[in-house]
Structure formats: structure tokens, C-alpha cells
Amino acid sequence: MADGIPEEVLMNAGLIENLSDLAKDTALLHGVLMRTKETPKSSEIVTYAPFTLFPSAVPRAVFQQALAVQTHYNLLVDRISQDPVFLEEALASTIAVDDFTRRLFSIYRQVLEEGKSQLIVLGLNRSDYMLDQREDGMSSLKQIEINTIAASFGGLASRTPDIHRHILKVAGRLEESQRVLDNNPAAGLARGLAKAWELHGSEKAVVMFMIDEVERNIFDHRYVENELWKRNIRTIRRRFEDVCKTGSLDQGKRLFVDGQEVAVVYFRNGYMPQHYNSEQIWEARLMMERSMAVKCPDIATHLAGTKKVQQELARPGVLERFFPDEPKVVDQIRATFAGLYTLDMGPEGDKTVAMALDKPDRFVLKPQREGGGNNIYGSEICQVLEAAKGSLERTAYILMDKIQPRPVLNYLLRRDAVLRLSSCISELGMFGVYVRQGSDMVTNECVGHLLRTKSSEDSDGGVAAGVAVLDNPLII
Ligand code: ADP
Ligand code: MG
């Protein structure tokens, strides 16, 4: 491999074994940690977060392209969130069949009717890409999705570059070690949270992390929390159930939880149907949306990140709606779109069905879900579409071209797994942060990146799902 880690290193079994032990110790030293499967609620015993032994080659031009388009994606998401006509039209067919999206949408409608009580908007998102292997041998950056809620691993990704640098040095690859980029999304995400907190204007108020009862990835949150504490901003961690029990709004719609005023609600959960397992929890989400706390994300921004919206954006003319006088911005964003196809009822959707049934291996079928492991591939696409093609059920999905990155060799280090050379593919994420106050964009930046790598045999699933592992780009 001319462009990454040389074969003489990858194939040197003795060296690899030593490096793998060293890599795990180094991960622990640097705090790249996770709670264990056995004790997911406690930090008494922890393990390293899974990661690759070596960083993975990413061409500089493609990395720069993803970096440069991020502020445009921030604007796009923010503008979609302010366009009720677009959101209503884009999601109409989805909410007719998808209960979860419908419930989110009804909260959105309600707060829209009542009028906004908070004009400060905080967006912390992550746009994910894969490098599609083109026929001319070059790779082209294609967006997988944009996560507008609970985009994770900004904390741990701030600590992984030092592991890979160290491993490369010990392997005698000093030059490569210098091509591992610095990265500190945790500080950038905290900067956004701190700015929103400051603009909210009440010094005693806290930033509230909305969390699950069970959180193996707690250290990822802690990095962001610590950055806030360094700025003397207090943070608390609460579950939806806690907000149900002790949350309230005062007459000015200020949000109080456990008697403390909340300046910013930072959702690190709330993106899956399972997170809303009672009516009270839906009411708690509504109460927070109505409040004058800054929501990260607010309900409109949450909806702007749905897969159905992503597909609608790929229709001709739609990006122009959001950037009417900026054709270059439109081109930059559109260049990152893979083929996306509607399954709405009608001739266009019928064409999509026929295309997918004809060549299922060229596509991914996606429901309106987040968190990994929900997408449908290969022959299963045919099963699902054969059953749903004549009914509204099909509109719960979108169809997307399958991105085919060039596999590279690496070792995936995860607890108790056998050390073996695997054929791997990577997904590059860029963290976007923006704060808007009324019509004034106060900040709009790209604050760092995340590279995740998985075996090319696994079609789906992220780090939390136990499929992908943390990685770093080795710039070539
Ligand atoms: P989720 O919201 O569950 O993270 P994603 O759209 O990110 O949904 O899909 C999950 C995973 O499935 C991705 O991390 C990627 O590995 C794989 N995947 C998704 N879309 C594609 C695609 N178009 N081509 C290839 N792989 C894909
Ligand atoms: Mg994803």
C-alpha cells in the first residue's frame, strides 16, 4: 500500500502483536474509554473504546472538501429549520405512515402555532461521508447522512490522534505519524454550548445533558462537560423521566429542573422511538420545546436531519430554494450528494421500486431511524419492497445509492476480539457548530472530524452498535 501503512509493517506478526498491546495501554493512558457491556451503568471497571491499530489514508483534497462544505451544511440545516412550508411538504408522506416522525412533527406544529419563546438557536451536528471509488481510480466524497441530534464521539475523537501518532513512532514510521491531524471537536462543541449559554443570559442557569439510564459512552460526554466546567459553566445530566418528575416552566417560560434554571438543553438521546416509552416523556419533550431554554437541537432542526428531508434536498431545484443567490454554495453541497430516490406513491416512486428490485445490491433502503442497524441491504430490499410496494407502507423509506469505498487493510482493536488483518472501509464525519440569535449568525464553523472504520463485511452500524471503531485520517 503506497498510500497508507506499508505491507512490511502490516504483515509483521510479532510487531503487530506488540503494537496492539501498546495501543490498548496508550488508549487507556489517553482516556479513550468506554464502560463495559457487563457494567454499563458504572465506571468501576472500564475498557478502551474500540479503535484501529493504524490510521487510515484519506486524500487531502477530499478532507479539505468535507471541511469546506461544513459551514454551508450548517446554514442549510438552519434554513430548513426555519421553513415550515418545506418541512410540511417534505415530511407529509412520511408522517402518514411513520408514527415516530408524526409525533415529533406534532410537537413542531404546536410550538410553531404558539410562537417561539427563544430566538437563540444552537446547532451541533455531524455530516458523515464515505469515499466512493470512481472508475478513474479517484475517490469522491459522498454524504451518508447528517446527524442533527446527539452527534457523538466528538469527545473521544479529541484524544485518539495521540494514540496513532505514538503507535506509528514505535513502528518506526515517524513521517506518517506527522500526518495524523490534530483534532479537538470536544472544545468546539463546548464553545457552541458556552456561546448559547452566554446569550441566554442567566449566569446561574445550567447546561442540561439529556441522557439515557444506561450510557456506555459516558466518557465522550464527560469531555464536553469538562470543557464547560473549565469556563465555569455548570452542567447537569438528566433523563427524560427526571424532567417529567421535577421539570416545570415559570410564567416567563423559563425551564426549571430540580429547582435549577436550565439555559441549554443538550439532547444526547431522544432520537429513537425507544427513548419515548411513555406519554409523560412526550410531554416532557414538548415542555422543553416550549420553554425559553435553548434546545440543541430544537424540534425543527431535529426534523431537518431526517432521511426523508435528505432525499427531498436531492431533488432538482430544492437546494436553490435555500441558497437562491449562491450557485457556488449549491454546487459545493450538491457535489457531495449520492443518488437519493423517493418512494412516495405515484410514478416516480414506482420507478424507484422497479430500479431497486432490479439491482438491489446497488442500493440501501432506509427507514426514518437513527442510531445504526436499521438499514436494509441486498435481497432483503426485495423482500421489503415486494411486500410494501403497493401500499403507503413504502413511504416510510427512502432509497439511496450504495457507496462503494475501496477497502484497505487494518487491524480492528476491540475487547476480547482476535487480532487479525481485516479488509476495512471508513466513514469520515465533520462536526459543525453554529449559533444564531434571531437573524444574526453569531458563529458558524467546522470544529473537527471523526473517522470511523469497520470491516467491509459489515454493511451497517456505528461504534456504539459494536460494528465500527474509532480511527484517524492519515492525510495523503
Ligand atoms: P444511522 O442514522 O442509523 O446512523 P446511516 O444513514 O448513517 O444511519 O447508516 C448507518 C450505516 O450504514 C452507515 O454508517 C454506513 O456504514 C452504512 N450506510 C448508510 N448509507 C449507506 C450508503 N448509501 N452506502 C453505503 N453504506 C451506507
Ligand atoms: Mg449514521
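Residue numbers count from 1 along this sequence. In each ligand, atom 1 is the first atom listed, and ligand 1 is the first ligand listed. What you see is a predicted model; the values in this text were computed from it and never measured.
Near Gly371, meaning under 4.0 Å from one of its heavy atoms, ligand 1 places the atoms 1 (P), 2 (O), 3 (O). Within ligand 1, the atoms closer than 4.0 Å to a non-hydrogen atom of Val364 are 21 (C), 22 (C), 23 (N), 24 (N), numbered from 1 in the order shown. Of all atoms in ligand 1, numbered sequentially from 1 with element shown, those under 4.0 Å from a heavy atom of Met400 are 23 (N). Ligand-side atoms of ligand 1 in range of Ser459: 12 (O), 16 (O), 17 (C), range being under 4.0 angstrom from any heavy atom. For ligand 1, the atoms sitting less than 4.0 Å from at least one non-hydrogen atom of Met130 are 15 (C), 16 (O), numbered in the order shown with element in parentheses.
Contact analysis leaves Ala468 out of contact with ligand 1, as no non-hydrogen atom separation drops below 4.0 angstrom. Under a 4.0 Å heavy-atom criterion, Asp128 is not in contact with ligand 1. Judged by the shortest distance from any of its heavy atoms, Arg452 lies outside the 4.0 Å radius around the atoms of ligand 1. Judged by the shortest distance from any of its heavy atoms, Gly462 lies outside the 4.0 Å radius around the atoms of ligand 1. Residue contacts with ligand 1: Lys142 is excluded, as none of its non-hydrogen atoms falls under 4.0 Å. For Tyr377, the closest heavy-atom approach to ligand 1 falls below 4.0 Å. For Arg369, the heavy-atom gap to ligand 1 drops under 4.0 angstrom.
The distance from atom OH of Tyr271 to atom CG of Asn269, rounded to the nearest 0.5 Å, is 7.5 Å. With rounding to the nearest 0.5 Å, the separation of CD in Gln368 from OG1 in Thr94 is 4.5 Å.
The neighbour count for Met138 CE, taken as heavy atoms of other residues, nucleotides or ligands under 6.0 Å away, does not exceed 12.
In this structure, Asp128 pairs ionically with Arg126, as a charged nitrogen and a carboxylate oxygen lie closer than 4.0 Å. Ion pairing between a basic and an acidic side chain is recognised when a charged N comes within 4.0 Å of a carboxylate O; Arg415 and Glu38 show such pairing. Under 4.0 Å is where a charged nitrogen must lie from a carboxylate oxygen, and between Arg165 and Asp162 at least one such pair does. Classification of Arg239 and Asp242 as a salt-bridged pair holds, one side-chain N sitting under 4.0 Å from a carboxylate O.
Of the protein's heavy atoms, Asn375 ND2, 2.9 Å lies nearest to atom 9 (O) of ligand 1. Protein heavy atom closest to atom 21 (C) of ligand 1, with residue, atom name and distance, is Ile144 CD1, 3.6 Å. Looking from atom 10 (C) of ligand 1 to the surrounding protein, the closest heavy atom is Asp460 OD1, 3.2 Å. Summary of contacts: the protein heavy atom closest to atom 16 (O) of ligand 1 is Lys454 NZ, 2.7 Å. Annotation: atom 23 (N) of ligand 1 to nearest protein heavy atom, Asp401 O, 2.8 Å. Glu145 OE2, 3.5 Å is the protein heavy atom nearest to atom 1 (P) of ligand 1.
Under 4.0 Å from ligand 1, heavy atoms of Ile403 appear from its side chain as well as its backbone. Neither the backbone nor the side chain of Ala338 has any atom closer than 4.0 Å to an atom of ligand 1 (non-hydrogen atoms only).
Between Phe337 and Tyr73, the ring planes lie tilted relative to each other; the angle falls in the 30° to 60° range. Ring orientation note: the planes of His221 and Phe209 are tilted relative to one another, at an angle of 30° to 60°. The aromatic rings of Phe240 and Phe267 are tilted relative to each other, their planes meeting at an angle between 30° and 60°.
Geometrically, ligand 1 and Gly372 share a nitrogen or oxygen pair separated by less than 3.5 Å. Between Asn147 and ligand 1, not a single N/O pair is under 3.5 Å apart.
Side-chain polar atoms of Gln311 and Lys308 form a donor-acceptor pair below 3.5 angstrom. Side chains of Asn472 and His164: a donor on one and an acceptor on the other come within 3.5 Å. No side-chain N or O of Arg285 forms a donor-acceptor pair with one of His275 less than 3.5 Å apart.
For the residues Gln404, Glu427, Lys402, Met272, the heavy atom positioned nearest atom 14 (O) of ligand 1 is part of Glu427. Scanning Glu370, Lys307, Lys366 for the heavy atom closest to atom 8 (O) of ligand 1 points to Lys307.
Proximity of Glu457 to Ser423: side-chain heavy atoms (C-beta onward) are nowhere separated by under 4.5 Å. Here the side chains of Tyr411 and Leu421 are in contact, with some heavy-atom distance below 4.5 Å. Contact check for Leu365 versus Leu343: side-chain heavy atoms found under the 4.5 Å cut-off. You'll find the side chain of Val180 reaches within 4.5 Å of the side chain of Leu474, heavy atoms only.
Sorted by chain and number, the protein atoms of type N, O or S within less than 2.8 Å of the Mg ion (ligand 2) are Glu145 OE2.
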